[in-house]
Number of protein chains: 4
Amino acid sequence: MIKDTEQERSQVRRQRILDAATQVFTRKGYRDAGMEDIAVEAETSKGGLYFHFPSKQALFLQLLDRMTALFIERTESAIAGEPDPVARADAALRVVIHTFATHRGLTRLFLVEALGAGPEFSAKMLGIHTQFTALIRRHLDDAVTQGAIAPLDTAVAAQVWFGALNQIVTCWALSESPGPLEETYPALRVLLLRSIGVEVDAAHR
Amino acid sequence: MIKDTEQERSQVRRQRILDAATQVFTRKGYRDAGMEDIAVEAETSKGGLYFHFPSKQALFLQLLDRMTALFIERTESAIAGEPDPVARADAALRVVIHTFATHRGLTRLFLVEALGAGPEFSAKMLGIHTQFTALIRRHLDDAVTQGAIAPLDTAVAAQVWFGALNQIVTCWALSESPGPLEETYPALRVLLLRSIGVEVDAAHR
Amino acid sequence: MIKDTEQERSQVRRQRILDAATQVFTRKGYRDAGMEDIAVEAETSKGGLYFHFPSKQALFLQLLDRMTALFIERTESAIAGEPDPVARADAALRVVIHTFATHRGLTRLFLVEALGAGPEFSAKMLGIHTQFTALIRRHLDDAVTQGAIAPLDTAVAAQVWFGALNQIVTCWALSESPGPLEETYPALRVLLLRSIGVEVDAAHR
Amino acid sequence: MIKDTEQERSQVRRQRILDAATQVFTRKGYRDAGMEDIAVEAETSKGGLYFHFPSKQALFLQLLDRMTALFIERTESAIAGEPDPVARADAALRVVIHTFATHRGLTRLFLVEALGAGPEFSAKMLGIHTQFTALIRRHLDDAVTQGAIAPLDTAVAAQVWFGALNQIVTCWALSESPGPLEETYPALRVLLLRSIGVEVDAAHR
DNA sequence: GATGAATGAGCATTCATTCAT
DNA sequence: AATGAATGAATGCTCATTCAT
């Protein structure tokens with residue numbers, strides 16, 4: 001009985017720490033963020049941090065995992081609703097752009113900090129990129145199988161899609177005074193679809 | 001006369017330091033590279049480093065500038081030889097991929113380390129990305145003007161091209177056991193050209 | 001009735017903690033042993049430890065006291081059985097060496113760790129040494145009184161005996177691959193007895 | 001030319017650090033002494049310490065080595081002046097006791113702190129003990145060879161001598177209000193010599 | 001110009017101890 | 001009695017930078 005409350009409290013604390021870490025890492029970058037900063041932001045103590053997470057690295061990695069899961073999940077569920085391969089691509093693109101657009105800080109953390117924070121993180125990020133590209137590729141392969149698009153090197157195509165998106169989002173995240181990220185969607189959509197041989201017209205909109 | 005010799009000597013020293021810094025940064029990454037390491041590699045002393053460069057950051061930034069200039073120059077000169085816009089894109093793509101392919105360490109430094117090394121570096125890298133995308137865009141605009149391709153949002157297209165390339169090269173640079181980077185060229189070429197409405201066939205090869 | 005059971009339970013717990021502490025301190029040394037380790041070994045919690053003992057130091061000190069009492073008691077009872085002073089020395093020597101020989105970990109803890117663990121422990125150990133030397137001295141004085149040995153500075157003699165034993169045992173405890181400690185007994189016996197003017201021959205064996 | 005001065009200065013600094021370390025380690029013990037404390041005592045900075053010594057451990061070990069060398073050297077030279085084996089033992093005993101007597105702080109550091117400061121130090125101290133015992137044993141063997149004393153287990157005898165001395169000195173070093181260490185010399189002398197079969201009388205005094 | 005000794009702020013991590021439950 | 005989450009002071013070590021020589 002009491003246990004429930006305690007576990008709850010512990011979870012709340014843990015969550016508070018994760019949120020604080022997100023804030024601080026976003027604000028200062030991985031290397032420049034101190035555990036002290038995070039502890040203060042989480043209204044706890046350094047020892048408290050280490051009770052919940054074994055190290056700074058583990059804390060950051062945890063963050064990356066949470067975010068990755070969120071992205072994959074959102075993308076998958078956006079895709080799930082659409083039967084037509086091209087519409088799927090559309091939906092995925094839209095949801096990804098929208099997710100990034102509403103979390104600029106997280107985006108910078110995810111696309112910029114995490115890459116350069118050290119070999120362990122590069123490796124992790126490479127893994128995450130690979131997961132995403134695999135997801136894209138799977139659906140491109142489906143599209144080919146269904147005859148929706150002509151056969152092509154889906155591995156490279158997936159990388160092109162991911163990279164293009166990545167680039168646009170990264171620039172937006174780093175820009176001093178960025179416009180709305182969503183505005184790039186229409187043009188991007190046309191280009192990416194055309195790259196896999198889908199000529200976009202009114203029919204697909 | 002003597003002055004010339006002295007200046008020469010100084011330049012040689014400076015160059016030696018830049019080379020050493022390239023080695024060490026490539027080997028260890030920006031944060032983990034120590035000024036001591038660089039001094040040793042350059043066969044000089046820490047004081048010597050600080051005579052030629054005001055700070056570690058400035059030294060690294062200098063390196064980025066050198067590398068950027070080299071890339072831009074190579075790309076421009078590869079383009080310069082080709083009259084046809086599409087052939088130009090081809091040439092540029094080929095030379096960029098080849099340059100990366102022959103310097104894996106530098107590539108990692110450039111595309112991965114430099115991004116996450118801190119706000120000043122992110123900003124610098126954003127600038128470099130912008131330079132490149134501007135270069136691409138200029139030529140896309142030319143192609144549109146010359147009627148080689150149909151009008152399109154060249155800003156986004158340039159980002160797509162750059163991002164796609166970036167992604168493919170970064171994955172290759174981070175991969176444990178990467179295949180030859182050049183092998184992706186044909187598929188990438190087709191996709192990128194098609195994305196701007198150029199259907200590739202034997203005529204363009 | 002119930003109280004008895006409760007008190008019993010408490011004593012059991014306390015004992016379990018002392019045993020666990022012995023294990024852990026022996027394994028890791030005083031400074032490197034964590035209260036957490038001890039709690040785990042005792043199958044209780046950190047809070048439980050602090051219910052029974054006010055501090056890490058107190059716990060260790062308690063251990064030292066237990067061990068000292070054990071040693072003194074064993075030595076006294078070994079001595080008690082022998083009427084002849086020289087035979088008493090013999091018996092004491094044998095039992096001490098045997099006790100150490102069968103607890104190498106404890107010995108290291110007792111003779112090495114405890115000395116360097118801080119001023120409080122040095123002081124405690126000094127006290128323990130003093131207890132032992134006093135014990136030895138008392139019996140040497142008896143021997144003098146009984147005319148078994150010629151008068152001598154029994155204070156120094158007791159220290160010599162204790163120190164010699166201490167040295168041999170400590171070296172054995174620290175050695176990487178120690179031989180059987182008991183083997184030193186005959187030679188040690190001759191030396192120590194001779195040092196107080198007892199020439200050893202077959203009659204005393 | 002200038003180099004001489006610089007090297008001198010560096011040596012002075014190094015020496016100042018070693019002296020400071022001796023002070024602080026003696027005052028607080030190994031574990032409780034902070035590098036900060038030593039830096040302050042040496043009127044330098046933490047960085048300065050680490051320029052001259054790679055770690056706290058190395059600094060302490062250096063100290064031990066210096067002291068060991070000093071002891072061995074003094075003992076050897078005291079021995080060198082005496083032809084008669086028994087006189088040698090006398091001389092060695094006297095010089096060792098005198099050396100300890102004039103450095104109570106160092107003695108505590110050497111005999112108490114160093115033993116319990118951790119496995120590396122125990123090992124080191126074991127080595128030092130072994131060096132000393134070997135030295136003693138060598139001379140006991142000589143004495144046997146020369147017929148000055150009857151054959152005996154010199155290995156154990158050397159340990160007995162060293163241990164006895166160790167014990168007496170340690171107790172003195174740890175005592176709150178110690179008397180003059182030298183006063184124990186006559187009684188100790190008689191006991192130790194007698195232990196190896198040398199009956200002391202006026203002739204040897 | 002060059003050297004390298006010196007600086008000192010900064011930082012992740014540990015751990016004995018406390019206390020609300 | 002017992003738990004375990006929370007605390008926070010303590011510490012060895014690093015490293016970009018400075019400056020006397």
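Keep in mind it's a predicted model, so treat the numbers as computed, not measured. Residue numbers start from 1 in every chain, and the chains themselves are labelled A, B, ... in the order their sequence lines are given, proteins ahead of strands.
- Across all strands, B:A33 comes closer than 4.0 Å only to sugar-phosphate atoms, never to a base (heavy-atom distances).
- Atom C1' of nucleotide F:dC15 and atom CG of B:D37 are separated by 10 Å, given to the nearest angstrom.
- Here ring pair (Phe, Tyr, Trp, His ring centres under 6.0 Å) pairs that include residues 37-56 of chain C, with residues two or more places apart or in two chains, number zero.
- Using the Watson-Crick or G-U wobble rule with both distances under 3.5 Å, E:dC11 pairs with F:dG12.
- For B:R108 and B:E113, the salt-bridge test fails: no basic side-chain N is under 4.0 Å from an acidic carboxylate O.
- In this structure, CD of C:E36 is placed 11 Å from C1' of F:dT3, rounded to the nearest angstrom.
- The interatomic distance linking C:R14 (CZ) with F:dA2 (C1') rounds to 16 Å, in whole Å.
- Near DNA chain E, meaning a heavy atom under 4.0 Å from it, residues 43-66 of chain B has B:T44, B:S45, B:K46, B:G47, B:G48, B:F51, B:H52 in order of number.
- Nucleotides E:dG1 and F:dT21 place their C1' atoms 13 Å apart, quoted to the nearest Å.
- Under a cutoff of 6.0 Å and an axis angle of 45°, C:K56 and C:Y30 form a cation-pi pair.
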Please assess B:L64 against B:M125 for the test side-chain contact (heavy atoms from CB on, under 4.5 Å), listing each intermediate value before the final yes or no. CA-CA 9 Å; B:L64 290 187; B:M125 289 312 294; 3.9 Å; yes
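- Using the Watson-Crick or G-U wobble rule with both distances under 3.5 Å, F:dA1 pairs with nothing in any strand shown.
- D:M35 places its CE atom 17 Å from the P atom of E:dA9, with the value rounded to the nearest Å.
- For C:S122 against C:L115, the heavy-atom pair with the smallest separation is OG-O, 3.0 Å.
- F:dT14 atom P lies 12 Å from atom NZ of B:K28, rounded to whole Å.
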List the steps, then state whether side-chain contact (heavy atoms from CB on, under 4.5 Å) holds for D:Q62 with D:R14. CA-CA 11 Å; D:Q62 190 70 213; D:R14 200 187 146 86; 3.5 Å; yes
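- Residue A:R31 has no polar side-chain atom (N or O) positioned under 4.0 Å from OP1 or OP2 of E:dC11.
- For the OP1/OP2 pair of E:dT7 and a distance below 4.0 Å, the side-chain nitrogens and oxygens of D:R13 include at least one atom meeting the criterion.
- Rounded to an integer number of Å, the gap from D:D32 CG to E:dT14 P is 19 Å.
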Check the pair D:D19, D:Q15 against side-chain hydrogen bond (donor to acceptor under 3.5 Å, both in side chains), reporting the backbone distance first and the verdict last. CA-CA 6 Å; D:D19 291 342; D:Q15 189 56 47; 3.2 Å; yes
